[in-house]
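In what follows, a single structure is set out as structure tokens and then discussed.
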Amino acid sequence: MNSRPHKQSMSELKLRRLTEHNQRLREDLARPRIRVSEASASLIRYCKTTKDPLVPSVWGPVARSEDPYAAAGSTGKGCCVVQ
């Protein structure tokens, strides 16, 4: 009974797993990062400059022509035409 090949394959498996994990850690380390303060400032700037038609209490009422959520071509007559 030679258990040597089994132990060798287990060690190879462990080595492969560690190598793959090491590679994933290297990829994470290489990912570009920014400081939290920079990300927060960018998010605040975006929220202050981008109007949201779903929040009229902050931005005021939105004209129908500027509202991306208004029905396209709505004239108040309904949406269907029956012939």
T49 (side chain) donor-acceptor with R45 (main chain) under 3.5 angstrom = yes

Just how far is it from atom [atom1] of [X] to atom [atom2] of [Y], taken to the nearest 0.5 Å?
X   : Y   : atom1 : atom2 : value
R26 : L29 : CZ    : CG    : 8.5 Å
L15 : R17 : CG    : CZ    : 12.0 Å
K14 : T19 : NZ    : OG1   : 13.5 Å

Between E20 and R16, is the closest basic N to carboxylate O distance under 4.0 Å?
-> yes

List the atom of K48, the atom of W59, and the distance in Å for their closest heavy-atom pair.
-> O-CH2, 3.0 Å

